[in-house]
*Asks:* 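My questions all concern the structure below.
Just so it is clear, the values below take in all heavy atoms, side chains as well, and ignore hydrogens, waters and symmetry mates.
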Amino acid sequence: MPLDESWWTAVLAEEEEQSNSYPARVQVSSETKPTTNHSPSRPSPVDWERAQNIYSCDETVNLQVFGYNRGGLLVEGEGLQGFVPLSHLIGLAGEKSDLDQGDPRIGHLLSSYVGRMLRLKVIECEPERGRVVLSERAALAEPGRRNQLLDDLTNGDHINGIVTNITDFGVFVDLGGVEGLIHVSELSWGRVRHPSDAACLGENVEAYVIHVDKERSRVALSLKRLRQNPWDTAENRYQTGMVIDAVITSVVPFGAFARLEEGLDGLIHVSEINKGGEKVNPHDVLSEGQMIKVRVLQVDASKQRLGLSLDV
């Protein structure tokens with residue numbers, strides 16, 4: 001199933017909104033203010049023709065770290081200046097996702113890089129926005145590997161990769177030369193509170209290729225499309241009045257969500273938790289991970305809605 005331009009537009013809009021929490025998209029320009037005293041008074045000018053050529057050919061380049069900000073490192077040399085996001089540093093690739101911009105340890109870790117030479121690849125080059133983003137992790141792949149991957153990948157392929165970054169809008173996966181995105185809507189057929197519930201940093205995952213945008217080096221991936229949609233047969237397998245086992249996945253003010261199987265979550269409305277007529281706080285009765293018995297009230301596969309009642 002190919003994606004139209006509106007899908008990418010929506011994803012990129014979310015990405016921009018989350019730029020403060022996803023350092024791989026921090027802009028580097030003359031206005032960027034490093035948080036170290038080791039930075040020069042003025043950024044070096046960028047040779048945009050050279051930067052574009054290095055990006056297009058997927059070449060590696062050696063640049064020196066001259067500073068850092070809350071999201072990563074500032075590097076320069078050989079007519080280039082750019083930004084290396086925290087998630088693209090080899091030494092920090094396995095760190096927990098909470099070791100981000102707000103962690104007090106991050107300044108100490110990044111300051112240790114100042115003055116070092118790093119072998120990097122350009123992963124984003126946007127002259128019109130004054131932005132060059134580089135990756136130490138991508139440089140592990142041989143030159144030209146990104147272009148080869150983009151040429152070889154086709155919609156419908158299954159590919160393995162390593163989870164490198166988890167954001168509010170999805171999961172980024174290193175495919176060995178190019179980074180793919182699993183949007184939150186493609187993580188599961190069921191309800192996903194946050195992408196971190198569906199993937200872990202450093203995890204090796206198999207993903208389904210939805211769309212390859214060679215021009216912008218973007219790959220849209222999916223986890224859920226590797227599995228059959230359970231809603232396709234839900235109405236045949238779950239009938240009104242059936243009592244079955246379920247596990248509480250989320251407790252909210254208006255009730256709780258319970259999972260019958262992977263990708264199939266239903267709502268127990270607060271009115272179905274206490275049938276005595278008294279007002280009840282769902283948090284006082286149910287908790288995440290709790291195993292319970294539920295009664296099926298309604299199954300609407302077309303709207304992916306499942307109404308449940310707490311069976312006591």
Side-chain angles (χ1 to χ4, degrees), residues 10-11 14-15 17-18 21-22 96-98 100 102 163 165-173 181-203 205 207-208 221-235 237-312:
V11 170
E14 283 185 278
E15 189 175 343
E17 290 177 6
Q18 296 292 332
S21 61
Y22 178 47
K96 294 168 61 177
S97 59
D98 61 359
D100 257 341
V163 175
N165 200 16
I166 300 175
T167 73
D168 289 340
F169 59 85
V171 174
F172 287 87
V173 179
L181 169 65
I182 308 173
H183 189 260
V184 62
S185 63
E186 291 293 332
L187 288 169
S188 172
W189 291 110
R191 184 172 178 269
V192 177
R193 292 185 310 167
H194 190 273
S196 60
D197 293 335
C200 301
L201 276 178
E203 178 183 5
V205 297
Y208 178 97
L221 303 171
S222 173
L223 287 185
K224 74 180 188 182
R225 300 193 194 200
L226 294 174
R227 310 174 183 90
Q228 182 181 3
N229 185 351
W231 288 101
D232 289 344
T233 57
E235 291 182 354
R237 294 181 293 116
Y238 298 101
Q239 287 81 41
T240 300
M242 181 183 292
V243 177
I244 51 178
D245 294 324
V247 59
I248 298 297
T249 57
S250 179
V251 182
V252 293
F254 53 86
F257 288 93
R259 179 160 297 167
L260 306 189
E261 60 181 80
E262 181 63 34
L264 207 61
D265 290 41
L267 172 64
I268 308 172
H269 190 265
V270 64
S271 62
E272 295 294 334
I273 294 177
N274 185 354
K275 296 185 174 61
E278 297 180 3
K279 188 174 182 180
V280 63
N281 184 340
H283 290 276
D284 294 337
V285 181
L286 300 170
S287 58
E288 292 182 19
Q290 182 180 351
M291 295 296 299
I292 59 171
K293 292 281 187 182
V294 296
R295 185 179 300 274
V296 177
L297 299 179
Q298 180 191 30
V299 182
D300 187 344
S302 64
K303 296 181 179 179
Q304 296 194 357
R305 291 179 182 175
L306 179 62
L308 304 171
S309 174
L310 183 63
D311 190 73
V312 293

*Asks:* As an exercise, state the distance from CG of Leu286 to CZ of Phe257, rounded to the nearest 0.5 Å.
*Replies:* 13.0 Å

*Asks:* Is there a side-chain contact between Thr249 and Arg193 in this structure, where contact means two heavy atoms from C-beta onward sitting under 4.5 Å apart?
*Replies:* no

*Asks:* Which residues pass the side-chain contact (heavy atoms from CB on, under 4.5 Å) test with Ile244, sequence neighbours left out?
*Replies:* Tyr238, Met242, Leu260, Val294, Val296

*Asks:* Check whether Lys224 reaches the backbone of Ser185 with its side chain - one donor and one acceptor, N or O, closer than 3.5 Å.
*Replies:* yes

*Asks:* With rounding to the nearest 0.5 Å, note down the distance linking CG in Asp197 to CZ in Arg191.
*Replies:* 9.5 Å

*Asks:* Side-chain contact, heavy-atom cut-off 4.5 Å: Arg259 with Asp265?
*Replies:* yes

*Asks:* Do you know which two heavy atoms are closest between Leu187 and Leu223, and how far apart they sit?
*Replies:* O-CB, 3.6 Å

*Asks:* Which atoms form the tightest heavy-atom contact between Ala258 and Leu308, and what is the distance?
*Replies:* CB-CD1, 4.0 Å

*Asks:* Which heavy atom of Ser196 sits nearest to which heavy atom of Ile166, and what is that distance?
*Replies:* N-CG2, 3.7 Å

*Asks:* Taking all non-hydrogen atoms of both residues into account, name the closest pair between Gln290 and Val285 and its distance.
*Replies:* OE1-O, 3.8 Å

*Asks:* Can you name the closest pair of heavy atoms from Ile248 and Ala256 and give their distance?
*Replies:* CD1-CB, 4.3 Å

*Asks:* In the structure I gave you, are the side-chain heavy atoms of Thr240 and Gln298 within less than 4.5 Å of one another anywhere?
*Replies:* no

*Asks:* Roughly how far apart are Leu310 CG and Ser271 OG, rounded to 0.5 Å?
*Replies:* 11.5 Å

*Asks:* Within the structure provided, determine whether Ile268 and Ile292 are in side-chain contact (heavy-atom separation under 4.5 Å).
*Replies:* yes

*Asks:* Working to the nearest 0.5 angstrom, can you tell me the gap between Thr167 OG1 and Leu181 CG?
*Replies:* 7.0 Å

*Asks:* If you take all heavy atoms of Gly170 and Pro195, which pair is closest and at what distance?
*Replies:* N-CG, 3.7 Å

*Asks:* Whether the side chain of Trp231 engages the backbone of Ala301 through a donor-acceptor N/O pair (distance < 3.5 Å, no angle test) should be reported.
*Replies:* no

*Asks:* Measure from the side-chain N and O atoms of Arg237 to the backbone N and O of Pro230, and report whether any donor-acceptor pair falls under 3.5 Å.
*Replies:* yes

*Asks:* With distance as the sole test, does Ser309 use its side chain to make a donor-acceptor pair with the main-chain N or O of Arg295 at under 3.5 Å?
*Replies:* no

*Asks:* Just to verify, what does Gln228 make a side-chain contact (heavy atoms from CB on, under 4.5 Å) with, not counting sequence neighbours?
*Replies:* Thr233

*Asks:* Nearest 0.5 Å, what's the CH2-CZ distance between Trp189 and Arg225?
*Replies:* 6.5 Å

